[in-house]
**Student:** 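First the structure, then my questions, so here it is.
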Amino acid sequence: MPARSSVHRHTVQVRDIPLEVFEAGGGPPVLFLHGLTGAAASLDTIQVLSEGYHVFAPSHPGYGESARPAAVDAIDDVAYIYLDLIEQIAAEHGPVAVVGCSIGAWIAAEVAIRSQVWISSLVLSTPLGVKVGGPLELDVLDMYAVTPKVVREAMYADPDFGIVDFSSMSDEQLQVHFRNLEATALYGWKPYLHNPKLLGHLPRITTRTLIVQGDSDGFISPALPAAYRDAIAGSTLETILHAGHEPEREQPQAFGSLVADFVSRVSVLQNS
Amino acid sequence: MQTWYFNEAAYPYLPDESTYDSIRVSLPNGLYDPKIGAALWDRYLDEWVVADELGLNVMVNEHHATATCMNPAAPLISGILARITKNARIVLLGNPIANRPDPVRVAEEMALVDNLSHGRLEVGFVRSVPYEVLPSNASPVGMAERMWEAHDLIKKAWTTTDGPFSWEGKYFQFRSVNIWPRPFQQPHPPIWMSSRSVSGAAEIGERGYVCATFLGGHKGAKVVYDSYKARREELGLSAPAPDRFAYAGLVYTGDTEESGREGAEKLLWYMRANKVPIQFKNPPGYASVGANIGAVKSSGPGNLIPENTSLDSLIEQGIVFAGNPDQVYEQIKRFNDRVGGIGHFLLMGQSGFLEHDETVVGLQNYAKHVQPRLAELELSTVG
């Protein structure tokens, strides 16, 4: 097994937008699209994936240290930016496996319904983005209406995992933390963390797709990953144990192995 | 200095605070008894009429999903006041136009009330407090920008007299905007805005509107007014007269010092009945990233209500004005001197369990013994 490589943080221009990108490893390219807590919180996952892949993990516009021009204020704007980034990566490294988590999975789905030309396989972990319940059924916990403790308990198998200790954070880390919260509110306030039209477009996805859920995810309804599985032909749904809404952070090894196995199996199928 | 009597129309008959999580946003309205509430409304409207009869102006505001304010529709109450008051000017402070989905409707409501009152309306626009974003489902991100676009559209609707126009903005799109009636006052009613921040006050200063600030004490108010003045100076605009500045404080004027302080103690319900959990106080994006970092490093998320709510401390800070008429006058005069002069004093003279008779006595003492001296104070300030 190759040694874990170090993660290199740098800035990539997509159009004129400077995006912070964490890059690691070598081999076939993987685009890792982070969840609600940002790319910097997923370094363990990025490292695990980098054991067999060349991982590119951008901070979404407005998150981390990525810029967000005023005109970028909705998830579809982010999807179009990532279509360009995928083309940039593919031009040099070939087709890209896209791995999205939570809001990153929503973005990945929005990317894939628009174009899958440069996408080799797709992993959607604890995906936000679709609405399946009725008007009085929340598919996603309203994190703006409950205490941070309730959010943590819903989001993690181990609620302590989600404790944010401001006193130990640098100014830069605090800035990233509050930028992440603001960006999520911007993209997800209304409709709450979904696009009412996305579910109807998901059947456009023909790329091999793996859906992932955490066995202890109290943040989203199990109906969401199930809806993705049902809408995307040939997709499979796997469950990671002892993980809530962020299996990639709570169980990075299990998550990384699951994703790596899937991406390599798809690659074998495509090359045979 | 003019005085505007303000009553936030609270519903104070709540169970012990330990039995609920929040007085705002999530407090079940099953705790509201419609019979009690309707009677309170009769009473509160009567008190605005008393203020009018005493020669004071009146002010109304609105909040949503809260027992601290039973008025979720200030334009409606303003319309009633337009008919049941005779002489008072009426300021609605304010319309939460960053949260309201239809600015044209706001322009229509205000124009209508201006007509109903024969031109006695003054129109406030506010960004509104953080607790309002959940009940309105208005995104806390980009509120200021949204507020200013709504403001621009409302002003355009008020002042366009030659038929319809279309508005295709970032946040609002309307075709055939052509409001009937148009405002009674021409070109439009006076505009007020409220702010607690340096940046907000500077933007109000640029436009020369009345800038109001609430319960920030003399220190907080001075920062706001100074920012307004500085921006005007920076832009080469005229120095603002005191009538560009308004301040809201809790006020009780007793016959004696003792009765004044007793009345004020009852008003402090407003400060003390304010149990609100963190998620309602600071929704992401409401405060800037820099302000959030600053708050983490100082005392935690910014509180709209001061920590020390002892009466003496609140009087010293210029948040409460209480005592006998001489004392109340001296306290307001001291505030006025400390902040550099204001033209409008927003008298919050009812709150919590302060009964009707007590409210009226406080208003009478103020109108008879304090207001005349404040009117002179303005003359001397202007010089």
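Chain A is the first sequence line, chain B the second, and so forth, proteins listed ahead of strands; every chain is numbered from 1. For clarity, every value in this text was computed on a predicted model and none was experimentally measured. Excluded from the calculations below are hydrogen atoms, water molecules and symmetry mates; all remaining heavy atoms, backbone and side chain alike, are included.
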**Student:** Does any heavy atom of chain A fall under 4.5 Å from the side chain of B:V133, the backbone, both, or neither of them?
**Tutor:** both
**Student:** Under 6.0 Å from the CD atom of B:Q173, do we count more than 12 heavy atoms belonging to anything else shown?
**Tutor:** yes
**Student:** With heavy-atom distances below 4.5 Å as the criterion, would you say the side chains of B:I278 and A:P148 are in contact?
**Tutor:** yes
**Student:** At their closest point, which heavy atom of B:V289 faces which heavy atom of A:E182, and how far apart are they?
**Tutor:** CG2-OE1, 3.8 Å
**Student:** Quick one: of B:P283, B:P277, B:A138, who has the most non-hydrogen atom pairs under 4.5 Å with chain A?
**Tutor:** B:A138
**Student:** To the nearest 0.5 Å, what is the distance between CG on A:D142 and CG on B:L134?
**Tutor:** 6.5 Å
**Student:** Can you say whether A:D171 sits under 4.5 Å from chain B via the side chain, the backbone, both, or neither, judging by heavy atoms?
**Tutor:** both
**Student:** Does atom CZ (B:R175) have a neighbourhood of more than 12 heavy atoms from anything else shown, all under 6.0 Å?
**Tutor:** no
**Student:** Look at atom NZ of B:K275 and say whether more than 12 heavy atoms of other residues, nucleotides or ligands are closer to it than 6.0 Å.
**Tutor:** yes
**Student:** Could you tell me the separation between the CZ atom of A:R179 and the CG atom of B:N292, rounded to the nearest 0.5 Å?
**Tutor:** 13.0 Å
**Student:** Less than 4.5 Å apart, any side-chain heavy atom of A:D73 and any of B:K170?
**Tutor:** yes
**Student:** Do B:P284 and A:Y144 make a side-chain contact, defined as non-hydrogen atoms from C-beta onward lying under 4.5 Å apart?
**Tutor:** yes
